[in-house]
2 protein chains.
Amino acid sequence: MRQESKKKATIYDLSVLSGCSASTVSAVLNGTWQKRRIKESTAELIRSLAEKHQYTANLQARGLRSSRSGLVGLLLPVHDNRYFSSMAQTFEAHVRARGQCPIVVSACRDPQEERQTVETLISYSIDELFVAGATDPDGVHAVCEAAGLKHINIDLPGTKTHSVISDNYEGGRLLTKAIIRHCEGDRPLQPEDLYLFGGRNDHASRERIRGFREVKRAMLGADPDECIQPTGYSPAMTQKAFETFYAREGRLPRAFFINSSINFEGLLRFLGQHPHETFADIVVGCYDYDPFGSFLPFPVIMIRQDVDGMISKAFEIVDQGRSPPELHLIQPELVPPRTALMGPLDALKDID
Amino acid sequence: MRQESKKKATIYDLSVLSGCSASTVSAVLNGTWQKRRIKESTAELIRSLAEKHQYTANLQARGLRSSRSGLVGLLLPVHDNRYFSSMAQTFEAHVRARGQCPIVVSACRDPQEERQTVETLISYSIDELFVAGATDPDGVHAVCEAAGLKHINIDLPGTKTHSVISDNYEGGRLLTKAIIRHCEGDRPLQPEDLYLFGGRNDHASRERIRGFREVKRAMLGADPDECIQPTGYSPAMTQKAFETFYAREGRLPRAFFINSSINFEGLLRFLGQHPHETFADIVVGCYDYDPFGSFLPFPVIMIRQDVDGMISKAFEIVDQGRSPPELHLIQPELVPPRTALMGPLDALKDID
DNA sequence: CTTTTTTGCACAATCGATGGTGCAATTAAT
DNA sequence: ATTAATTGCACCATCGATTGTGCAAAAAAG
């Protein structure tokens, strides 16, 4: 009777079964049947057959014909990080809510990989692309542009299309102020007591550093260059920077600003190699939020970027269609030490 | 001259430009040209034209024709978590190495969502599916089976196809022993001093609990039921369990085993509501590894599951083709407190 | 009972690639 | 110089949907 469920049913199968033409079946099943003046009873018949035979449309075929796929892409630098993984989580929810299929890929902060990955996505005719934290957003833009693909930058801005990013300058100021204030109980903080580690020469790092230096100069009176240590985005390099400092000074700086949770992991590696006393009284600010990071044995002030705000804004802009590129700043949030915030997972129901 | 890069070049465009037939172009560009005895010079010509016009194959068309897509799916419960996001990271690297395109989606631990998501992936003719931590692996299996899709379970086993999972029983024993040993310096641990929080009625939780209870009974002499508190996989519920205990006892248990980092976040929320003293001398074991979690102000012993081992094994099995379902256990690793391990991100080069 | 309008649907081209088949031109064998 | 074998490629059906167009039957208008 039923075809062993081996091959999937197609509109042609249903066409035969129902005695209607394939185009009628197609129209009924994709919702355009009213426009095509298909009788309600015919539609009903076809729908029931589709149900019975577990018909599901072949989306590649549909995509080929209509040159749209229903896929929406998110390009991340990396998955393994709370900031980007919560972005993926939020992104998925938004895309699902629009009835499309989210597809999340990472490109390892490699410009070449970024472009190639996007090429691949384009080959699948994805409908829109969200480019998060790209190392070379304009390179990605060129690829998208050539294919007429709607896209938008998140987290790191490009110059060729809209970008929705965290207000890194304000966030940097906010965090720096909070660090300095947190130290006020102790003996006054000297300029060379406050360092910044991590980040590279990207827009986010530059802005954060700008905010950091400005606040530092204003509040501590000076802002020596050697206190800025951009180590790239790798735990290993960051660790090395701490080790170097420690080898020279025999201690860590009293307070420091860490550019991202990935760099923060470099600090952890350092800590793992040294006894507790080494960091008995440091104060750390981290431009990223990680719930576990917030409860470490020294004060950790964090910045949580408004991921949901950024993603929402990005969808808004993408939906509006083309317009001259703008930079949209989303305010981040300061998170005091020992704070466990809710996240995208809290939206999920936990069934049992 | 060049068509404004508006529409992408197709084999037909190249066919006209080269004076060859479309099938020849196709053969040259997909690598089957030798089999078709295309002249080297013809191939060369076509390749150069393809390059010049930036030809890239339309993968939907190819997929439609060949009913394969080059896509390999990973179905996760959630993204926003170090365990699963590192799995995504590792998975991507493996898939890329095979020249396919990874696509990672999450289904929120909802059986219905799981099946539907898989249906969607199938509609795109994905070639293989890795089902990680599914709430209803056998439900997913049925869907895959009906579509003839190769798939494999990871992290949580099903009964209908191969499963590669962490050895939760051994891991549970390992962790429980380590917790108890860690408490040995203090006054002897009583059975009611050691609790377990988190998890639900899934295979992983059951095995871990089994290991926990066995070791506890063996080492502490008893294993009262009330020390087992499966709270589901949500921070909120876990927090509630801690609050309840605390309201009743005025303190936390001396030591406890937390079933996953997600449940651990419930502890963080609890901690955020209470002063430091409340947890001055607790000992925590967590069945998951999170680098930040490892450095909290109380001893945290963690289990790191061998994600790379699991993914590698899974690929091996998928490649072998069908055989009667088996359960493959991968040994997890015990991580002592204050340990920052390397992760998948360390494989990335950090360019600047 | 015509003529017009509306209803309901079938036909066929198309999206871009793949792969089986067949055939002319070239080369080798006899 | 024939015949046989090989080379090199073109032709065409096909994958499963979408969509513009056309036309017969039914209903409404005159």
Side-chain angles (χ1 to χ4, degrees), chain A residues 3 6-46 50 53-71 120 122-125 127 147-148, chain B residues 3 6-46 50 53-71 120 122-125 127 147-148:
Chain A
Q3 62 227 8
K6 209 55 229 169
K7 284 287 137 214
K8 305 212 64 169
T10 70
I11 52 169
Y12 298 99
D13 300 330
L14 297 182
S15 151
V16 171
L17 289 166
S18 66
C20 302
S21 75
S23 58
T24 299
V25 174
S26 169
V28 168
L29 296 173
N30 69 23
T32 60
W33 58 284
Q34 328 238 26
K35 203 167 58 192
R36 284 181 161 271
R37 301 187 312 240
I38 308 291
K39 232 194 307 183
E40 172 66 47
S41 65
T42 309
E44 195 45 61
L45 167 65
I46 291 176
H53 294 268
Q54 312 214 66
Y55 170 84
T56 52
N58 180 320
L59 299 180
Q60 299 214 67
R62 170 180 296 169
L64 173 58
R65 184 56 234 257
S66 55
S67 62
R68 304 180 358 91
S69 64
L71 298 170
T120 304
I122 288 174
S123 298
Y124 288 109
S125 308
D127 298 336
Chain B
Q3 62 227 7
K6 209 54 228 167
K7 285 285 137 212
K8 305 211 62 169
T10 70
I11 51 171
Y12 298 99
D13 300 331
L14 298 182
S15 150
V16 171
L17 290 166
S18 67
C20 301
S21 75
S23 59
T24 298
V25 174
S26 169
V28 167
L29 296 173
N30 70 23
T32 60
W33 58 283
Q34 329 235 28
K35 203 167 60 193
R36 284 181 161 272
R37 301 186 313 237
I38 308 292
K39 230 193 308 184
E40 172 66 48
S41 66
T42 310
E44 196 45 60
L45 167 64
I46 291 175
H53 293 267
Q54 311 213 66
Y55 170 84
T56 53
N58 179 320
L59 299 179
Q60 299 214 69
R62 171 180 296 170
L64 173 58
R65 183 57 233 253
S66 56
S67 62
R68 302 179 3 90
S69 64
L71 297 171
T120 304
I122 289 174
S123 299
Y124 287 109
S125 307
D127 298 336

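In this text the structure is predicted, and so the values were computed from the model without any measurement. Every chain is numbered from 1, with letters handed out A, B, ... down the list of sequences. Note: hydrogens, waters and symmetry copies are ignored here, and every other heavy atom, side chains too, is used.
Residue B:Asn58 contributes atom CG, which lies 16 Å from atom P of D:dG16 at whole-angstrom precision. With rounding to whole Å, A:Tyr12 atom OH is found 10 Å from D:dT14 atom C1'. In this structure, the CG atom of A:Leu64 is 14 Å from the P atom of D:dC15, given to the nearest Å. For A:Ile11 and D:dT19, the CD1 to C1' distance is 12 Å, given to the nearest whole Å. Taking atom NE2 of residue A:His53 and atom C1' of nucleotide D:dG16, one finds them 18 Å apart after rounding to whole Å. Counting to the nearest Å, the C1' atom of D:dA17 and the CG atom of A:Leu29 are 11 Å from each other. Spacing between atom CD of B:Gln60 and atom P of D:dT18 amounts to 12 Å, rounded to whole angstrom units.
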Would you mind writing out the side-chain donor-acceptor pairs for residues 32-42 of chain B within the sub-3.5 Å range, not counting sequence neighbours?
residue: B:Thr32; atom: OG1; partner: B:Asn30; partner atom: OD1; Å: 2.8

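Within residues 19-27 of chain A, the residues that place at least one heavy atom under 4.0 Å from DNA chain C are, in residue-number order, A:Gly19, A:Cys20, A:Ser21, A:Ser23, A:Thr24.
Distance NE2/B:His53 to CG/B:Leu14: 7.0 Å, rounded to 0.5 Å. Here the CZ atom belonging to A:Arg62 is positioned 9.0 Å from the CG atom belonging to A:Leu29, to the nearest 0.5 angstrom. The CZ atom of B:Arg65 sits 14.5 Å away from atom CG of B:Asn58, with the distance rounded to the nearest 0.5 Å. In this structure, A:Ile11 CD1 and A:Leu17 CG are separated by 13.0 Å, a value rounded to the nearest 0.5 Å.
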Grab the N/O contacts between the protein and nucleotides 6-8 of chain D below 3.5 Å, and write none if there aren't any.
residue: D:dG8; atom: N7; partner: B:Arg37; partner atom: NE; Å: 3.2
residue: D:dG8; atom: N7; partner: B:Arg37; partner atom: NH2; Å: 2.9
residue: D:dG8; atom: O6; partner: B:Arg37; partner atom: NH2; Å: 2.9

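Of all heavy-atom pairs spanning A:Ala61 and B:Leu64, the tightest one is CB-CD1, 3.7 Å. Annotation for A:Tyr55 and A:Ala9: closest pair CD1-O, 3.3 Å, computed over non-hydrogen atoms.
Scored by the side chain to side chain donor-acceptor pair (under 3.5 Å) test, A:Ser125 finds B:Gln60 as partners (sequence neighbours excluded). Checked against side chain to side chain contact (heavy atoms under 4.5 Å, CB included), A:Ser23 has the following partners two or more places apart in sequence or in another chain: A:Ser21. In this view, A:Leu71 and A:Ser69, A:Cys101, A:Ile103, A:Tyr124, A:Ile126, B:Tyr124 satisfy the side chain to side chain contact (heavy atoms under 4.5 Å, CB included) rule, not counting sequence neighbours. Every residue two or more places apart in sequence or in another chain that forms a side chain to side chain contact (heavy atoms under 4.5 Å, CB included) with B:Ser18 is listed here: B:Cys20, B:Val25, B:Leu45, B:Ile46, B:Leu49. For B:Thr56, the side chain to side chain donor-acceptor pair (under 3.5 Å) partners at least two apart in sequence or on another chain are B:Lys8.
Contact annotation: B:Tyr124 side-chain N/O to D:dA17 OP1/OP2 distance is not under 4.0 Å.
Rounded to 10 degrees, the angle between the two end axes of the helix from C:dC1-D:dG30 to C:dT30-D:dA1 is 50°, with five pairs used at each end.
Along DNA chain C, read 5' to 3', the first and last nucleotides having any atom under 4.0 Å from a heavy atom of chain A are C:dT7 to C:dG16.
Nearer the 5' end of DNA chain C, as judged by each residue's closest nucleotide, is the contact made by A:Ser41, out of A:Ser41 and A:Ala61.
Remark: side-chain polar atoms of A:Asp127 are paired, donor with acceptor, to backbone N or O of A:Gly70 under 3.5 angstrom.
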